[in-house]
Amino acid sequence: MQFATWNVNSLAVRLPQLLDWLAAHPVDALVLQETKLTDDKFPQAEIEAAGYRVAFHGQKTYNGVALLSREAASDITRNIPGLADEQARVIAGTVGDTRVIGAYFPNGQAPGSEKFAYKMQWLDALRAWVREELARHPQLVLMGDFNIAPEDRDVYDPVAWAGQIHCTPEERAHFQQLLGLGLSDAFRLFEQPPKSWSWWDYRNLAFRKNQGLRIDHILVSPALKPRVSACEIDKAPRKNERPSDHAPVIVTLDAQP
DNA sequence: ATGGCGCCACGATGGCGA
């Protein structure tokens, strides 16, 4: 069983790459971020033709998330229940026995800004809700673009990025609080190559110089953790001609005992 | 150097991302 997350930075632009990727990586479920599409423009037919069922939650211009799965997901939740939020950032569904939560965490722009305050509030609401979801669904995966680099080893230049957005102590504390719910960072369950990133700036030849951040994550619940057999960042799509600035992350789980 | 690139809504350039 495989789950994956990918910030596609416009599904309208990236749809051909998504279909190519799914053909090469027939994962059981995939969450997308930054679809940047209203629901009436979502390419549902093309994705269904590729063998996936899909649920989506979009808006004009910004944000937008989707949940693709081989088997139809049930109990779809859009955004964080109880949080008044104009921005389409969360979609969750139950795939088989697993609760799959896909999220596009706020960027936060800069510490001290209004957008940073929104990020903090959003993170508070997310944590409270995920705690409830974990109580309901022992088998749970939370994945997406967290816009948080959890540790200095997740940053190509931790000195330059110290205290900058994605690397502030406040954001990192929130990441740790998610782990405090019992979740595990699947990527760090394994020995990984140093300088492993999931995002590279479009500018400054950052990908060629491998200057990036690891900000896309897959967190697994205690019930799933013993089944995780691999977790990888797939850099290949970042080498495409018109790539997303993010790479997909894939987790592999053994079948249930 | 606060730029650089890419996407979107525009119908020129600005907001935003990270």
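A, B, ... follow the sequence lines: proteins, then strands. Residue 1 opens every chain.
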Participant: Quick one: label A:Asn63 by what it contacts on the DNA or RNA (base, sugar-phosphate, nothing), any heavy atom closer than 4.0 Å.
Facilitator: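 Here A:Asn63 touches no strand at all.
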Participant: Contact class for A:Asn107 (heavy atom, under 4.0 Å): base, sugar-phosphate, or nothing?
Facilitator: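 Base, at least one base atom sits under 4.0 Å.
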Participant: Is there a donor in the side chain of A:His57 and an acceptor in the side chain of A:Asp39, or the other way round, less than 3.5 Å apart?
Facilitator: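 Checked: A:His57/A:Asp39 side chains show no N/O donor-acceptor pair below 3.5 Å.
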Participant: Determine the Euclidean distance between corresponding P atoms of B:dC5 and B:dG11; express it in Å to zero decimal places.
Facilitator: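 These two P atoms come out 25 Å apart once rounded.
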Participant: Within this structure, what is the NZ-to-C1' distance between A:Lys36 and B:dA18, rounded to whole angstrom?
Facilitator: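 Rounded to whole Å, this separation is 12 Å.
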Participant: Measure the acute angle between the ring planes of A:Tyr156 and A:Trp161, then classify it against the limits of 30° and 60° as parallel, tilted or perpendicular.
Facilitator: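 A:Tyr156 and A:Trp161: perpendicular rings.
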Participant: Given the P atoms of B:dG6 and B:dC10, what is the spacing between them in whole Å?
Facilitator: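 Nearest-Å result for B:dG6 against B:dC10 at atom P: 23 Å.
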Participant: Could you give the distance separating B:dG4 and B:dA9 at their C1' atoms, to the nearest angstrom?
Facilitator: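 Looking at atom C1' only, B:dA9 and B:dG4 are 23 Å apart.
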Participant: Pick base, sugar-phosphate or nothing for A:Asp216, based on heavy-atom distances below 4.0 Å to the nucleic acid.
Facilitator: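 Since no nucleic acid heavy atom lies under 4.0 Å of A:Asp216, the category is nothing.
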Participant: For B:dG4 and A:Asn204 - does any side-chain N or O of the residue sit under 4.0 Å from the phosphate oxygens OP1/OP2?
Facilitator: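 The answer is no; no side-chain N or O of A:Asn204 sits under 4.0 Å from OP1 or OP2.
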Participant: Any side-chain N or O of A:Arg14 less than 4.0 Å from the OP1 or OP2 oxygen of B:dC7?
Facilitator: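 Indeed, a polar side-chain atom of A:Arg14 lies that close.
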Participant: Starting at CZ of A:Arg214 and ending at P of B:dA18, how long is that distance when rounded to a whole Å?
Facilitator: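 Between P of B:dA18 and CZ of A:Arg214: 16 Å.
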Participant: Report the distance from atom CG of A:Asp201 to atom C1' of B:dC7, rounded to the nearest whole Å.
Facilitator: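 From A:Asp201 CG to B:dC7 C1': 14 Å.
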Participant: May I ask you to evaluate whether A:Arg242 reaches the phosphate of B:dC5, defined as a side-chain N or O under 4.0 Å from OP1 or OP2?
Facilitator: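 For A:Arg242, the contact criterion (side-chain N or O under 4.0 Å from OP1 or OP2 of B:dC5) is not met.
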Participant: So A:Gln164, base contact, sugar-phosphate only, or nothing? Heavy-atom distance under 4.0 Å.
Facilitator: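 The answer is nothing, as A:Gln164 stays clear of every strand by at least 4.0 Å.
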Participant: B:dC8, B:dC16, B:dA18: which one has an atom nearest the side-chain heavy atoms of A:Ser10?
Facilitator: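 Among the listed nucleotides, the one closest to the side chain of A:Ser10 is B:dC8.
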Participant: Between B:dA18, B:dC5, B:dC16, which one does the side chain of A:Tyr104 approach most closely?
Facilitator: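 The listed nucleotide nearest to A:Tyr104's side chain is B:dA18.
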Participant: Could you tell me whether A:Leu205 contacts a base, only the sugar-phosphate backbone, or nothing, with contacts defined as non-hydrogen atoms closer than 4.0 Å?
Facilitator: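 Result for A:Leu205 = nothing.
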Participant: Who is the Watson-Crick or G-U wobble partner of B:dC7, with both distances under 3.5 Å?
Facilitator: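 When the pairing criteria are applied, B:dG15 turns out to be the nucleotide that pairs with B:dC7.
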Participant: Are A:Asp216 and A:Trp6 linked by a side-chain donor-acceptor pair shorter than 3.5 Å?
Facilitator: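 No donor-acceptor contact under 3.5 Å links the two side chains.
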Participant: Has A:Asn9 got a side-chain N or O lying under 4.0 Å from the OP1 or OP2 atom of B:dC16?
Facilitator: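 For B:dC16, OP1/OP2 do not have a side-chain N/O of A:Asn9 under 4.0 Å.
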Participant: Using atom CZ of A:Arg89 as one end and atom P of B:dG17 as the other, report the distance to the nearest whole Å.
Facilitator: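 Roughly 7 Å, once rounded to whole Å.
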Participant: Take atom CD of A:Gln87 and atom P of B:dC8, then tell me their distance rounded to the nearest Å.
Facilitator: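 Distance check: A:Gln87 CD to B:dC8 P gives 17 Å.
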Participant: Using the C1' atom as the point on both nucleotides, what is the distance between B:dA18 and B:dC7, in whole Å?
Facilitator: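 B:dC7 and B:dA18 have their C1' atoms separated by 14 Å.
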Participant: Any salt bridge between A:Asp185 and A:Arg214, counting N to O under 4.0 Å?
Facilitator: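 Salt bridge present between A:Asp185 and A:Arg214.
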Participant: Could you check A:Phe105 against A:Ala12 and say which one's nearest nucleotide on DNA chain B is further toward the 5' end?
Facilitator: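 Result: A:Ala12.
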Participant: Nearest-Å distance, CD (A:Glu114) to P (B:dG17)?
Facilitator: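 Result: 13 Å.
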Participant: Can you see if the side chain of A:His246 gets near the phosphate of B:dA18 - specifically, an N or O under 4.0 Å from OP1 or OP2?
Facilitator: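 For B:dA18, OP1/OP2 do have a side-chain N/O of A:His246 under 4.0 Å.
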Participant: Rounded to whole angstrom, note down the P distance from B:dA1 over to B:dG14.
Facilitator: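 Rounded to whole Å, the distance is 23 Å.
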Participant: Can you tell me how far P of B:dG15 sits from CD of A:Glu86, to the nearest Å?
Facilitator: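 Computing the A:Glu86:CD to B:dG15:P distance gives 20 Å.
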Participant: If you assign A:Pro243 and A:Leu213 each to the DNA chain B nucleotide with the nearest heavy atom, which residue ends up on the more 5' nucleotide?
Facilitator: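 Closer to the 5' end of DNA chain B: A:Pro243.
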Participant: For A:Asn7 and B:dG17, give me the distance from atom CG to atom P, rounded to whole Å.
Facilitator: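 About 12 Å, once rounded to whole Å.
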Participant: Are OP1 or OP2 of B:dC16 and a side-chain N or O of A:Lys115 less than 4.0 angstrom apart?
Facilitator: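 For B:dC16, OP1 or OP2 has a side-chain N or O of A:Lys115 closer than 4.0 Å.
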Participant: Which listed nucleotide (B:dG15, B:dC7, B:dA18) is nearest to the side chain of A:Tyr62?
Facilitator: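 Selected nucleotide (nearest to the side chain): B:dG15.
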Participant: Does atom NZ (A:Lys209) have a neighbourhood of more than 12 heavy atoms from anything else shown, all under 6.0 Å?
Facilitator: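 Atom NZ in A:Lys209 is packed in, count exceeds 12.
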Participant: On a plain distance test, is the side chain of A:Asn147 in donor-acceptor contact with the base of B:dA18 below 3.5 Å?
Facilitator: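 A donor-acceptor contact between them is absent.
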Participant: Do you see a donor-acceptor pair shorter than 3.5 Å between the side chains of A:Arg242 and A:Gln17?
Facilitator: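 There is no such pair between these side chains.
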Participant: Under 6.0 Å between ring centres: does that hold for A:Phe175 and A:His217?
Facilitator: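 Centroid separation for A:Phe175 and A:His217: below 6.0 Å.
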